[in-house]
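What follows is a short report on a single structure.
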Amino acid sequence: MNRKQLLSKFTDRKRCLVTGGAGFLGSHLCERLLEQGHEVLCVDNFFTGSRANIAHLLDNPRFEVMRHDITFPLYVEVDEIFNLACPASPVHYQHDPVQTAKVSVHGAINMLGLAKRTGAKIFQASTSEVYGDPTVHPQTEDYRGNVNPIGPRACYDEGKRCAETLFFDYHRQSGVNIRVVRIFNTYGPRMHPADGRVVSNFIIQALSGEPITLYGDGSQTRAFCYVDDLIGGFLKLMNAPDEVTGPINIGNPVETTVLELAETILRLTGSASQIVFRPLPVDDPMQRCPDITRARTLLDWEPRVPLEQGLRSTIAYFQRVLGVSSPAAGLQELPRAAAG
Ligand code: NAD
Ligand code: UDP
């Protein structure tokens with residue numbers, strides 16, 4: 001290694017703050033940032049995140065964990081902020097809706113204030129939920145959404161919409177360097193086993209031989225992105241030129257009905273679980289799929305992991321953490337190189 005290469009290890013190194021860093025997506029992001037040689041400060045109140053998600057990172061001298069609730073101010077010195085802290089599954093964000101709105105709005109104000117004071121670049125994990133139950137299909141970033149402002153999902157949807165407003169106002173008013181990503185349904189290893197999301201629910205039900213709970217008639221659609229693909233998109237957006245503020249959709253544009261998902265998981269696990277039908281939750285979106293033209297053209301980003309391959313990896317993860325074995329062979333966690 002010559003002198004220039006040696007010095008670049010330190011000059012290219014950034015101090016990155018990841019809020020919600022002990023969660024599903026946050027832990028994968030911390031891991032990737034450390035692999036790139038950066039210093040990572042993981043801030044989390046462990047509401048839905050866990051030490052187990054980051055246990056493998058704790059020995060790294062460039063990794064630090066702080067227990068903190070971002071609805072309260074935080075004073076640290078950093079170069080980049082990734083704001084992911086917020087419960088994300090309907091079960092978790094409806095558990096304490098007032099706190100969900102607070103994390104989204106007060107949390108965003110605190111992190112934007114930190115970015116303004118330190119001059120840090122700041123990334124917001126927004127969501128396809130800003131489109132509500134969409135009337136435009138697939139959803140482009142220009143679509144303004146169809147959100148019920150007083151329904152049970154509103155604490156999250158409207159909280160995230162208000163956070164986007166704050167990001168763009170801090171950008172216009174104070175010149176804060178922002179990146180806003182709208183994340184579509186993402187799955188993979190380290191999903192919370194009790195988050196009630198469709199992928200984790202169906203896999204756990206299939207592995208334990210319990211009935212698969214299909215809400216509605218299963219004709220509603222989602223488009224599922226594997227976690228490693230998604231994190232690749234985050235990093236491309238953060239490293240894009242400053243005028244690429246977003247909002248930008250990141251997701252896998254392959255649409256699947258929830259019934260098809262159940263059948264695929266049953267086949268891959270070799271499970272004999274029966275499908276049972278349950279009422280559709282209030283305001284459950286009927287159709288969701290991202291238009292990712294912006295991500296393709298501005299970031300040169302494309303998801304690479306097909307649903308079946310990502311599901312095999314996720315099933316293998318749940319088999320490991322639940323300590324169960326399945327009759328189906330050929331299931332293993334996916335190496336990172338497979339993703340975009
Ligand atoms: P997650 O619940 O696993 O992670 C959220 C993390 O934030 C957890 O570690 C939790 O303990 C932490 N947290 C919650 N409130 C906090 C607070 N007040 N202060 C500090 N930490 C707090 O969820 P996830 O799937 O990893 O989602 C991460 C982000 O991505 C969220 O902002 C979510 O809205 C967004 N998102 C995720 C998806 C998805 O499919 N996973 C889709 C759209 C948007
Ligand atoms: N769903 C289901 N059974 C479950 C969990 C979820 O049929 O056990 C459905 C849910 O009604 C929704 C879709 O799966 O139509 C995706 O739900 P999830 O909670 O994963 O996320 P959402 O996209 O609704 O935020």
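These numbers come from the heavy atoms of this one structure, side chains and all, not from hydrogens, waters or symmetry mates. Remember, it's 1-based here, ligands and their atoms both numbered in the order they're listed. Quick caveat: nothing in here was measured; it's all calculated off a predicted structure. Residues take their numbers from the sequence shown, with the count starting at 1.
Per-residue contacts place V258 under 4.0 angstrom from the following atoms of ligand 2 (heavy atoms of the residue considered): 7 (O), 13 (C), 14 (O). Within ligand 2, the atoms closer than 4.0 Å to a non-hydrogen atom of T213 are 2 (C), 3 (N), 4 (C), 7 (O), 8 (O), numbered from 1 in the order shown. Ligand 2 places these atoms under 4.0 Å from at least one heavy atom of N201: 4 (C), 5 (C), 8 (O).
Taking all heavy atoms of R288, R278, Q220 into account, the minimum distance to atom 9 (C) of ligand 2 is reached by Q220. Selection from M191, M286, E129, R153 by nearest heavy atom to atom 24 (O) of ligand 2 gives R153.
Ring geometry for Y187 against F224 counts as perpendicular: the plane angle is over 60°, on a 0 to 90° scale with 30° as the lower cut.
Side-chain atoms of E141 come within 3.5 Å of backbone N or O of N249 as a donor-acceptor pair. At least one donor-acceptor pair closer than 3.5 Å links the side chain of T100 to the backbone N or O of Y93.
Looking only at heavy atoms of the protein, atom 20 (O) of ligand 2 is closest to V198 N, 2.8 Å. Looking only at protein heavy atoms, the nearest one to atom 7 (O) of ligand 2 is Y215 N, 2.8 Å. For atom 21 (O) of ligand 2, the nearest protein heavy atom (residue, atom name, distance) is N185 ND2, 3.6 Å.
Look at S89 and you'll find every heavy atom at least 4.0 Å from all atoms of ligand 2. For the pair G196 and ligand 2, a heavy-atom separation below 4.0 Å is found.
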